[in-house]
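Read through the structure below, which is laid out as structure tokens, and then see the notes.
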Amino acid sequence: MLTVHFVRHGESAANAGTATSDPALIPLTEKGWEQAQAVAEAFDQAPCLIVTSPYERAADTARPTIGRFPGVPVEVW
């Protein structure tokens, strides 16, 4: 059986009320980075594939999981 985990990005500057000019370049807040780390720690085994969007906040949310499982392929969709 295939298991799929969908993870929304961590808290971004825009979520926290900071004005932004380019939706693709909105960074994570400190809380967002903590949330991203919590996601990485929640996996009890390596995933088969990590997929992220090209948006900065999504890629940064995936970064701790990618770091925890460096052998797992990563794709940007």
Taking distance alone, no hydrogens or angles, what donor-acceptor pairs closer than 3.5 Å link side-chain atoms of residues 1-10 to residues at least two apart or in another chain?
{"residue": "His9", "atom": "NE2", "partner": "Arg57", "partner atom": "NE", "Å": "3.4"}

Ignoring hydrogens and angles, write down the donor-acceptor pairs under 3.5 Å from the side chains of residues 38-51, residues two or more places apart or on other chains.
{"residue": "Glu41", "atom": "OE2", "partner": "Gln37", "partner atom": "NE2", "Å": "3.2"}

Distance-only donor-acceptor hits, side chain of residues 11-21, under 3.5 Å, sequence neighbours excluded:
{"residue": "Glu11", "atom": "OE1", "partner": "Thr29", "partner atom": "OG1", "Å": "2.7"}
{"residue": "Ser12", "atom": "OG", "partner": "Ala14", "partner atom": "N", "Å": "3.4"}
{"residue": "Ser12", "atom": "OG", "partner": "Asn15", "partner atom": "N", "Å": "3.2"}
{"residue": "Ser12", "atom": "OG", "partner": "Asn15", "partner atom": "OD1", "Å": "3.1"}
{"residue": "Asn15", "atom": "OD1", "partner": "Ser12", "partner atom": "N", "Å": "2.9"}

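Applying the salt bridge (charged side-chain N to carboxylate O under 4.0 Å, His left out) definition to pairs two or more places apart or across chains, none involves residues 66-75. Judged as a ring-ring contact (aromatic ring centres under 6.0 Å, His included), not a single pair has a partner in residues 54-77 (not counting sequence neighbours). Applying the salt bridge (charged side-chain N to carboxylate O under 4.0 Å, His left out) test to residues at least two apart or on different chains, the pairs with a partner in residues 58-67 are Asp60-Arg63.
As a member of the Ile/Leu/Val/Met/Phe/Trp/Tyr network built from side-chain separations under 4.5 Å, Leu28 groups with Trp33.
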